[in-house]
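First the structure, in the form of structure tokens, and then the observations on it.
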Number of protein chains: 2
Amino acid sequence: MTGSTTPRADRVSYVSANEVAERAGVSRSAVSRTFSGAGSVAPATRRKVLKAAEELGYHANLLARGLVGEPSRIVCLIAADVGQPYHSAMIDKVTRQLQLHGKVAMMINTAGDDDSVSQALRQSLHFRAEASVVLSGSPPAKLVQSCLSNGQRVVLVNRDDDAEGAERIRIDNATACREALALLRRAGCKRLACVSSQARTSSMTTRESAFAAAAAEIGVEIDVVRVGPTSYDTGQEAARVLLGRSNPPDGVFCVTDLLAFGFIDAARTIFGVEIPRDLCVIGFDDVPQARWSGYELTTFRQPMDEMVARIAEILTSDTSGSDSAFEALPVWRKTVRMG
Amino acid sequence: MTGSTTPRADRVSYVSANEVAERAGVSRSAVSRTFSGAGSVAPATRRKVLKAAEELGYHANLLARGLVGEPSRIVCLIAADVGQPYHSAMIDKVTRQLQLHGKVAMMINTAGDDDSVSQALRQSLHFRAEASVVLSGSPPAKLVQSCLSNGQRVVLVNRDDDAEGAERIRIDNATACREALALLRRAGCKRLACVSSQARTSSMTTRESAFAAAAAEIGVEIDVVRVGPTSYDTGQEAARVLLGRSNPPDGVFCVTDLLAFGFIDAARTIFGVEIPRDLCVIGFDDVPQARWSGYELTTFRQPMDEMVARIAEILTSDTSGSDSAFEALPVWRKTVRMG
DNA sequence: TTGTAAGCGTTATCAA
DNA sequence: TTGATAACGCTTACAA
């Protein structure tokens with residue numbers, strides 16, 4: 001790295017409504033009224049105020065506005081693994097949707113463990129956020145209560161929590177996973193396996209157990225491998241483990257697209273298997289890469305737009321303890337033979 | 001979607017330092033001192049305050065604190081295309097780094113056009129952010145001035161701007177792109193092309209022109225194709241155009257990894273070319289997918305950790321108009337033949 | 001339609 | 001070490 005700097009100009013403080021008022025020759029309240037939209041103000045005064053504000057470079061202080069009791073317009077977004085496709089897609093949509101509703105996202109990047117989620121929720125409280133949207137980790141019920149009792153909205157996305165009074169948004173993993181099994185069976189797969197993650201989030205565990213349960217019902221036994229976190233590398237490692245066996249599976253359900261990509265790549269590169277001829281693979285989430293022609297992954301699509309729309313709805317409505325479930329729909333691409 | 005809700009409990013307002021003081025039997029100032037860390041407070045008082053705060057569920061109001069002149073701890077992050085690998089990786093690192101320094105990111109998702117960047121910067125002003133970090137779009141110099149003159153830091157990441165007084169972080173695209181050309185030549189490529197994007201951001205244009213200039217210097221002519229935005233699909237379309245010609249290129253520089261992925265997939269799927277035997281491809285950014293074994297893309301790595309560290313340094317230092325350039329280093333993988 | 005004045009939850013200053 | 005008191009920038013009765 002190369003660089004250059006020059007000494008910094010002195011910090012100047014923001015211009016206040018008072019100064020604008022003075023310059024415009026009106027009262028502070030007139031300024032307030034022009035910018036907040038409440039109350040009435042004569043067109044002439046309004047013009048004077050606007051002119052003065054422009055000249056002075058005035059920007060209303062939302063912090064102060066929030067202090068008086070107005071909603072802060074801040075919504076806290078609590079997420080981990082922001083770099084991963086699923087999370088970043090979600091964040092993209094949520095932030096946009098919030099802005100559409102005149103709110104702004106305060107993003108807190110947690111490590112995913114419950115302690116940092118607690119910290120995040122505390123930040124949310126400190127900044128008097130109107131709401132907290134939890135995309136990762138599972139916050140302690142007590143802290144959620146604290147947010148709730150302070151008038152915050154708390155939206156839990158795909159988390160399994162006992163937090164009373166929080167709003168829940170989740171996709172119906174169980175149904176989708178049963179369907180995954182059916183898809184593989186219909187494709188004629190005999191030896192089934194499930195590639196999961198060591199991360200014990202509710203999505204991971206319910207997907208894996210629903211798949212296993214569905215298999216048990218029809219009397220077939222499946223392997224479940226968990227060799228690392230929810231990542232591409234873990235998918236690869238799982239392929240090494242499963243396909244290295246004397247009796248490798250011919251149908252694999254990966255609880256996440258990312259795992260599936262790793263699995264597919266290792267299967268092709270290391271074991272030379274052809275997909276879907278020798279091996280069928282199903283993923284989950286339908287991240288953008290799933291449609292790349294290097295994969296064309298058959299997977300399940302989370303109706304993200306609808307979920308995000310529902311979040312916005314919750315934030316602007318007046319209910320509590322709502323519970324919305326969304327269906328994940330299969331996206332047929334090319335990693336499973338047609339039945 | 002299915003759902004259920006119950007009517008919502010009444011909004012209760014936050015507990016204030018006053019209430020804590022009352023319950024603890026001390027003054028408001030004692031409470032302030034306990035939580036702000038400034039001034040001295042007797043251990044016994046401190047205990048009483050902490051106890052009362054705990055019982056009441058007190059959370060210091062950072063909005064009010066910011067009002068008195070304390071830094072707001074808010075840093076505005078202005079980005080577009082948050083779902084794309086490069087951007088999300090950056091956001092992941094920046095948010096984490098900010099939190100390490102006790103700050104919090106307010107994320108503004110812009111459409112990338114200058115008007116929404118202006119809006120974003122205005123938000124930043126409204127919330128009295130300590131700084132704005134611009135990852136997308138190019139803000140009007142005048143607005144940057146406004147931020148600056150209000151005591152904000154403005155950090156421009158990989159943007160080409162005339163904004164006086166802002167801090168600049170950029171990678172040296174030109175050098176890397178000359179090297180990309182050298183790599184392809186050394187691999188024996190004769191017919192060279194550059195796949196770029198219709199997005200005219202400074203990164204896109206300088207990468208493309210530096211590559212072209214380097215080629216011109218040694219007297220070789222190159223094709224430049226721009227058939228869409230910076231996306232996977234555009235990469236595919238570029239492959240259709242370039243490889244469909246009677247005299248297709250055998251060495252291609254894609255100004256972005258995402259373009260390269262699309263290009264590679266289309267080259268393999270549609271034209272059946274083998275990489276790197278028939279065709280060498282180079283990308284730029286080294287996003288996580290570049291190391292996936294389906295691609296193993298030779299590309300240039302932006303030293304993101306160092307760039308982000310530099311951002312943090314800027315936010316906590318006291319200079320203005322600094323300009324830091326970082327080198328992008330080649331990452332040899334398998335889409336270019338060894339020379 | 002306008003201005004005056006009170007109040008929001010902090011921190012900083014100053015006396016005690 | 002403590003507690004009053006005065007800001008900070010805004011909104012909102014209430015009065016003019």
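Order of the sequence lines fixes the chain letters, A, B, ..., with proteins taken first and strands second; residue numbering starts at 1 for each chain. This is a predicted model, so every value here is computed, not measured.
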Under 3.5 Å between N/O atoms: give me all the protein pairs with nucleotides 14-16 of chain C, atom names plus distance.
none

According to the salt bridge (charged side-chain N to carboxylate O under 4.0 Å, His left out) rule, which pairs have a member within residues 135-147 of chain B, sequence neighbours left out? A/Glu54-B/Lys142
Suppose the criterion is salt bridge (charged side-chain N to carboxylate O under 4.0 Å, His left out): which pairs have a residue in residues 117-129 of chain B, not counting sequence neighbours? none
Within the 3.5 Å criterion, strictly below it, is a donor on B/Ser203 or B/Thr201 matched to an acceptor on the partner's side chain? no
Under a 3.5 Å threshold, yes or no: a donor from one side chain and an acceptor from the other, between A/Ser320 and A/Glu167? no
Within the sub-3.5 Å range, which N or O atoms of nucleotides 6-10 of chain C have a protein N or O partner, and how far apart are they?
unit_1: C/dT10; atom_1: OP1; unit_2: B/Tyr58; atom_2: OH; d: 2.9
unit_1: C/dT10; atom_1: OP1; unit_2: B/Asn61; atom_2: N; d: 3.2
unit_1: C/dT10; atom_1: OP2; unit_2: B/Ala17; atom_2: N; d: 2.9

Strictly distance-based, threshold 3.5 Å: is any side-chain N or O of B/Arg168 a donor or acceptor partner for the main-chain N or O of B/Val155? no
Inter-end axis angle, the helix from C/dT1-D/dA16 to C/dA16-D/dT1, with every axis fitted to five base pairs (rounded, 10 degrees): 40°
Residue pairs fulfilling side-chain hydrogen bond (donor to acceptor under 3.5 Å, both in side chains) with at least one residue in residues 97-112 of chain B, sequence neighbours excluded: A/Asp92-B/Asn109, A/Thr95-B/Asn109, B/Gln97-B/His101, B/Lys103-B/Glu130
Which pairs count as side-chain hydrogen bond (donor to acceptor under 3.5 Å, both in side chains) when at least one residue sits in residues 34-52 of chain A, sequence neighbours excluded? A/Lys51-A/Glu55
Side chains of A/Val26 and A/Val41 in contact at under 4.5 Å (non-hydrogen atoms): no
If the condition is side chain to side chain contact (heavy atoms under 4.5 Å, CB included), which residues does [X] pass it with, not counting sequence neighbours?
| X | value |
| --- | --- |
| A/Asp115 | A/Asp113 |
| B/Leu67 | A/Asn61, A/Ala64, A/Leu67 |
| B/Gln123 | A/Leu62, B/Ile108, B/His126, B/Phe127 |

Partners of A/Glu313 by salt bridge (Lys or Arg N to Asp or Glu O under 4.0 Å), sequence neighbours excluded? A/Arg310
Closest to the B/Ser29 side chain: C/dT11, C/dT4, D/dG3? D/dG3
Indicate whether OP1 or OP2 belonging to C/dT1 is found under 4.0 Å from a side-chain N or O atom of A/Ser40. yes
Need one value for A/Val31: base, sugar-phosphate or nothing, where a base atom within 4.0 Å counts as base even if backbone is also close, heavy atoms only. nothing
Under a 4.0 Å heavy-atom cut-off, which of residues 41-52 of chain A touch DNA chain C? A/Val41, A/Ala42, A/Thr45
Pick out which of A/Val157, A/Leu77, A/Leu156, A/Ile169 makes a side-chain contact (heavy atoms from CB on, under 4.5 Å) with A/Val134. A/Leu156
